[in-house]
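The structure appears right after this line, and notes come after that.
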Protein chains: 2
Amino acid sequence: MTEGRSRRPGPRIEEVARVAGVSKSTVSRVINGEKYVSERSRQAVHRAIALLGYSPNHAARTLAGSKANAIALVISEQGSRVLADPFFAGILRGVHAELAGRHVQLLLMMNQPLDGEDQVAYLTGGHVDGALVVSLHGEDPLPRTLHETGLPVVSGGRPLAGGGAPFVDSDNFNGSLGAVRFLISLNRQKIATIAGPRDMAVGMDRLSGWRCGLAEHGMPVDLVVHSDFTPESGALAMEELLRRAPDLDAVFVAADIMAVGALRVLQAQGRRIPDDVAVVGFDDSVLAATATPPLTTVRQNVEQLGRTMTWRLLAELGGDEKLPQSMLLPTSLVRRASA
Amino acid sequence: MTEGRSRRPGPRIEEVARVAGVSKSTVSRVINGEKYVSERSRQAVHRAIALLGYSPNHAARTLAGSKANAIALVISEQGSRVLADPFFAGILRGVHAELAGRHVQLLLMMNQPLDGEDQVAYLTGGHVDGALVVSLHGEDPLPRTLHETGLPVVSGGRPLAGGGAPFVDSDNFNGSLGAVRFLISLNRQKIATIAGPRDMAVGMDRLSGWRCGLAEHGMPVDLVVHSDFTPESGALAMEELLRRAPDLDAVFVAADIMAVGALRVLQAQGRRIPDDVAVVGFDDSVLAATATPPLTTVRQNVEQLGRTMTWRLLAELGGDEKLPQSMLLPTSLVRRASA
DNA sequence: TCCGCATCTGGGAGCGCTCCCAGAACCCGC
DNA sequence: GCGGGTTCTGGGAGCGCTCCCAGATGCGGA
């Protein structure tokens, strides 16, 4: 029984080389798209690959080469998983779509209780060529820490501190600016906002947009209550706003999930929506369409966000110079019944 | 400049062997948990590993060994992404949690338009040791196809056909049975259901539970409308039910996302919930808590589902004999305002 | 005493690639 | 003609492990 251990089936690079009538080295050059290969050799190799159905061994490439052929997607979801869920799935879809067809593996990491040090050690330990970090909280040190070790990193969502890794984010500022302008165009006179927490860039950017929109028209910007991306806190915030300004006629809520709570409070107090009070949310999550009444909201394209992050990282890994440091993705207003 | 190419930092197995005063082979044995290692050596190796902060090179292990040290999570999300989203995130969380600490990489695959053949080829090509397949539609051939190639597979959600790969699923049948019994205990006389599509096991199982619950009390089981896991189709179904039975006093809806649509129709027609009509959903998704009124629903623990699938697969890979072929996870009724 | 078996150990081949090196072939201008 | 470049090629070392093999040691029974 000289069977040997069971190995992966399929041809090796050596086989391809023989069939193509060239050396292993040349096949390797073709696979990796290097220059200094004659057109004749290149064609021959491609034919041989197709003929044999060859697919390179990922482990061997990684072991022999100086790169890991893998990137990590790190989800830093400290708390607030409610916000994270649909967002997260969209990002993932985008990342995956952008990776399709390339020989790059996607490693998924989520913040486990014990991690921290270990996570950084793993990521900078050569297991991956780069990392996509999605952190909701602006003060998360991970993107910066990783970036400072020299690992190519793209952050999803603007880091509050700034100056660290390049980031890709939805244009939260202009999104909410547009929402406020829309409310003003509806002749609303007293426009409040339920803002996100102060420690999240997404919250602050949306708040800034609201402020600018009102300031443009010389309207006061004092009707702000901060909240924390849960329906309950959205409801509480709405109650406080109504107490402070019983005559408000519009609310811009920085997330659909909070808007749902706000809607409930408004209805409980007998306000008609949108006749008495217009409500605009943000995200265009599944909640917006199912809310009663259906929510007018600012759509951000989360899948596109994932794609763009991935594109940016791969471009950097590919040695692309002069890449944009950071990028903002456009948002759009989706009009439904609440405003 | 004899710098050499830049390699991964960190100690090699050789280093650990030297520090521990044993051979490479022995270190390898300890890492892989083999027998035939003395307690003394084992301890020495563990100390050396801790001292050096050693972590084995994944590529090298895979290349040298007969296994890939990786599993795939395949999401077969043909359409119906609305259902998939939160579900999907929960599964992922569970899989990840169960994998923590083990040296197994998670590869993510989603059905791309072009895939099919390629996907099967990749999975059975030795890149992974096993696969977790989450397919919402019961007729998806992927679990069975993979299983028949001999690749260890665990399916998330019961496959309609049966007989293929082992699966883990929520106990949809007993979940809805419990919901119906609860409605009966509330003295509801005419209990309808909005069921899922006929081609999804999750839909059929929940329907069976409803039937049994009614049959137990000799109640008729004709008030069924099939629908497709969207709020719009839930609304349509509710309208049809009201047309067929204007005097119904309870509805069991096979998914929260459909229940939201049903709720809207009931309210539009002036029915008070739960006074006139009690509504029970299924899933306990984020929609349930934010609905108006908050939805009484059957909770399934999706994260636990992910964990269990992973556990089952890893146990099989570990050579565990006599594993349960398939498993059902308990559900529980979450009482809110709608019933 | 000596054999057999179970337990433990180290040496070293080799997994399938990449990348360095040395060299062949060819072009250019002087 | 010759030196210098650029373009192309093959050979082969070696990435960091696992796993096979051969050998050492210990223990029980004939």
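Proteins get letters first, then strands, A, B, ... in listed order; numbering begins at 1 in each. Just so we're clear, the structure is a prediction, and the values are computed from it rather than from any experiment.
- For B:E14 and C:dG11, the CD to C1' distance is 11 Å, given to the nearest whole Å.
- Distance CG (B:N57) to C1' (C:dG16): 14 Å, rounded to an integer number of Å.
- Between the NZ atom of A:K24 and the C1' atom of C:dT18 there is a distance of 9 Å, given to the nearest Å.
- Where B:A60 and B:S38 each meet DNA chain C at their nearest nucleotide, the meeting point lying more 5' is that of B:S38.
- The closest donor-acceptor contact from the side chain of A:D169 to the backbone of A:R158 lies under 3.5 Å.
- Note on A:T62: every side-chain N or O is 4.0 Å or more away from OP1 and OP2 of C:dC17.
- Although no hydrogens or angles enter the test, the distance criterion places no donor-acceptor pair under 3.5 Å between the side chain of A:T26 and the main chain of A:V22.
- Checking A:R12 against A:N57 by side-chain atom types alone, no donor-acceptor pair falls below 3.5 Å.
- For the pair B:Y36 and D:dA24, the criterion of a side-chain N or O lying under 4.0 Å from OP1 or OP2 is not met.
- In the set C:dG16, C:dC20, C:dG11, the nucleotide with an atom closest to the side chain of A:A64 is C:dG16.
- For the pair B:E34 CD and C:dG10 P, the computed distance is 14 Å after rounding to whole Å.
- Contact annotation: A:S41 reaches the phosphate of D:dT9 (side-chain N/O to OP1 or OP2, under 4.0 Å).
- As a whole-Å value, the separation of A:I13 CD1 from C:dT18 C1' is 8 Å.
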(message) Run B:S41 and B:S38 through side-chain hydrogen bond (donor to acceptor under 3.5 Å, both in side chains) and show every step you take.
(response) CA-CA 5 Å; B:S41 298; B:S38 67; 3.0 Å; yes
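- Classification of A:R307 and A:E303 as a salt-bridged pair fails, no side-chain N sitting under 4.0 Å from a carboxylate O.
- At the phosphate of C:dC17, neither OP1 nor OP2 sits under 4.0 Å from any side-chain N or O atom of A:S28.
- Distances from the side chain of A:S66 to the nucleotides C:dC20, C:dG16, C:dC19 place C:dC19 closest.
- Between the side chain of B:S25 and the base of C:dG11, at least one donor-acceptor pair of N or O atoms lies under 3.5 Å.
- Distance B:R40 CZ to C:dC8 P: 12 Å, rounded to the nearest Å.
- For B:N69 and D:dC17, the CG to P distance is 12 Å, given to the nearest whole Å.
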(request) Go through the steps to decide whether B:T310 and B:E98 satisfy the test side-chain hydrogen bond (donor to acceptor under 3.5 Å, both in side chains), and finish with yes or no. (result) CA-CA 6 Å; B:T310 310; B:E98 193 67 23; over 6 Å; no
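- Here B:N32 reaches the OP1 or OP2 of D:dT18: one of its side-chain N or O atoms lies under 4.0 Å away.
- Fit an axis to the five pairs at each end of the helix from C:dT1-D:dA30 to C:dC26-D:dG5 and the two axes sit 50° apart, to the nearest 10 degrees.
- Side chain of A:D129 to backbone of A:N69: a donor-acceptor contact under 3.5 angstrom is found.
- One atom, CG of B:L63, and another, P of D:dG14, lie 17 Å apart when rounded to the nearest Å.
- Between the side chain of A:T62 and the main chain of A:H58, a donor-acceptor pair closer than 3.5 Å is present.
- For B:K35 against C:dT7, no side-chain N or O and base N or O form a donor-acceptor pair under 3.5 Å.
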